[in-house]
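Structure first, then comments.
Computed from a predicted model, the values in this text were never measured in an experiment.
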Amino acid sequence: MLGLAVASLAVALAYFALLDGWYLVRVPCAVLRARLLQPRVRDLLAEQRYAGRVLPSDLDLLLHMNNARYLREADVARAAHLARCGVLGALRALGARAVLAASCARYRRSLRLLEPFEVRTRLLGWDARAFYLEARFVSLRDGFVCALLRSRQHVLGTSPERVVRHLCKRRVEPPELPEDLRHWIAYNETSSQLLRAESGLSDVVKDQ
């Protein structure tokens, strides 16, 4: 028994030392909770809230939440969001998947140790290739939006239109994207064109 306990402890330590253990636990748990314990969200554009708190492991040298932690918390909240509104299930049913293709973040005010916050996620819209989502980090002390993240979820194996049609059982026109988001999309496309040109791949379509 002692040997088994030692071996189990060694495996657990290796899991967290060699892999990003907490992340690999939290995302599946967030998805399972969204699917099994929370009601289905029928409105694709509805905002969903995911609660969090700044832990000691989240801090940087200035005792603020580390910049990278915002991206991780947004990732967990986004997975829960897509599970509750049915997008993940629709992707699976269509034999497709979505990957994070781009993101940007604005940091407006620091979140401090033990400060409670919410990640408020909503789907802004979609185009022929991707879904676009927003995540707002709102301090529960005073309601201030401490950070704002935008992300582009590139759909592989099908199209966002087919995913939405699968969910809604009809064709749905995408909402008009906000002006600042359209500028960001244009920037990403220009950046891609420049990088392809630098690599001599101007006329090559990226493998999806």
Residues that R72 engages under salt bridge (charged side-chain N to carboxylate O under 4.0 Å, His left out), provided they are two or more places apart: D20
If you round to the nearest 0.5 Å, how far is OG of S103 from CG of N188? 9.5 Å
Hydrophobic cluster membership, with links at side-chain heavy-atom distances under 4.5 Å among I/L/V/M/F/W/Y: are V76 and V25 in one? yes
Same cluster or not: are L59 and L114 linked, directly or through other Ile, Leu, Val, Met, Phe, Trp or Tyr residues, by side-chain heavy atoms under 4.5 angstrom apart? yes
Please list all pairs passing the ring-ring contact (aromatic ring centres under 6.0 Å, His included) test where one or both residues lie in residues 79-104, with sequence neighbours left out. none
I need the minimum non-hydrogen distance between P160 and D127, along with the two atoms involved. CG-O, 3.4 Å
Nearest non-hydrogen partners of T158 and A96, listed with the distance: CG2-CB, 3.3 Å
Of R150, R78, R120, the one forming a side-chain hydrogen bond (donor to acceptor under 3.5 Å, both in side chains) with E134 is R150
In the single-linkage hydrophobic clustering (I, L, V, M, F, W, Y; side-chain heavy atoms under 4.5 Å), do L94 and V155 co-cluster? yes
Other than V41, what residues sit in its cluster of Ile, Leu, Val, Met, Phe, Trp and Tyr side chains whose heavy atoms are under 4.5 Å apart, directly or through others? none
Spatial distance of atom SG (C146) from atom CZ (R136) [nearest 0.5 Å]: 12.0 Å
Provide the closest heavy-atom pair for A135 versus V119 in the form atom of the first, atom of the second, distance. CB-CG1, 3.9 Å
Taking transitive links into account, so neighbours of neighbours count too, which hydrophobic residues share a cluster with L181 at under 4.5 Å side-chain distance? L124, Y132, L177, W184, I185, Y187
What distance separates S159 OG from R165 CZ, expressed to the nearest 0.5 Å? 8.0 Å
With rounding to the nearest 0.5 Å, note down the distance linking CG in L133 to CG in L149. 11.0 Å
Does R49 come within less than 4.0 Å of E47, counting only side-chain N to carboxylate O? yes
For a 4.5 angstrom cut-off between non-hydrogen side-chain atoms, does L148 reach Y107? no
Name all residues meeting the ring pair (Phe, Tyr, Trp, His ring centres under 6.0 Å) criterion together with F144; count only those two or more places apart in sequence or in a different chain, and write none if there are none. none
Would you say L24 and V27 are hydrophobically clustered, going by side-chain heavy atoms of ILVMFWY under 4.5 Å? yes
Enumerate the residue pairs fulfilling salt bridge (charged side-chain N to carboxylate O under 4.0 Å, His left out) with a member in residues 22-44, sequence neighbours excluded, ordered by first and then second residue. R26-E73
Under a 4.5 Å cut-off applied to non-hydrogen side-chain atoms, are L111 and H64 in contact? no
Let me confirm one number: the SG-CG distance from C85 to L44, rounded to the nearest 0.5 Å. 5.5 Å
Mind checking what makes salt bridge (charged side-chain N to carboxylate O under 4.0 Å, His left out) contact with R106, not counting sequence neighbours? none
Mind checking who shares a hydrophobic cluster with L100, ILVMFWY linked at side-chain heavy-atom distances under 4.5 Å? none
Going by heavy atoms in the side chains, are V172 and E161 under 4.5 Å from each other? no
Less than 4.5 Å apart, side chain to side chain, heavy atoms only: is that true for Q48 and R122? no
Compare every heavy atom of G125 with every heavy atom of P175, then report the nearest pair and how far apart it is. CG-CA, 3.9 Å
Which residues pass the salt bridge (charged side-chain N to carboxylate O under 4.0 Å, His left out) test with R108, not counting sequence neighbours? none
Hey, mind stepping through S139 and E115 against side chain to side chain donor-acceptor pair (under 3.5 Å) and telling me if it holds? CA-CA 7 Å; S139 171; E115 185 171 354; 2.6 Å; yes
Would a single hydrophobic cluster contain both L45 and F131, if residues Ile, Leu, Val, Met, Phe, Trp and Tyr are joined by side-chain heavy-atom contacts under 4.5 Å? yes
For F117, give me all partners under ring pair (Phe, Tyr, Trp, His ring centres under 6.0 Å), at least two apart in sequence or on another chain. F137
In short, salt bridge (charged side-chain N to carboxylate O under 4.0 Å, His left out) pairs touching residues 51-67 with sequence neighbours left out are D58-R69
Should P56 and L113 count as side-chain neighbours, where that means a heavy-atom distance under 4.5 Å? yes
Looking at E179, I want to see if its CD is surrounded by more than 12 non-hydrogen atoms of other residues, nucleotides or ligands under 6.0 Å. no
Looking at side-chain heavy atoms only, is the closest gap between Y70 and M65 below 4.5 Å? yes
Salt bridge (charged side-chain N to carboxylate O under 4.0 Å, His left out) against E173, all qualifying residues, sequence neighbours excluded: R171
Could you check whether any side-chain heavy atom of L194 comes within less than 4.5 Å of a side-chain heavy atom of T190, counting everything from C-beta outward? yes
Sub-3.5 Å donor-acceptor pair from the side chain of R84 to the main-chain atoms of P39, do we have one? yes
Quick one: does V87's side chain get under 4.5 Å of V163's, heavy atoms only? yes
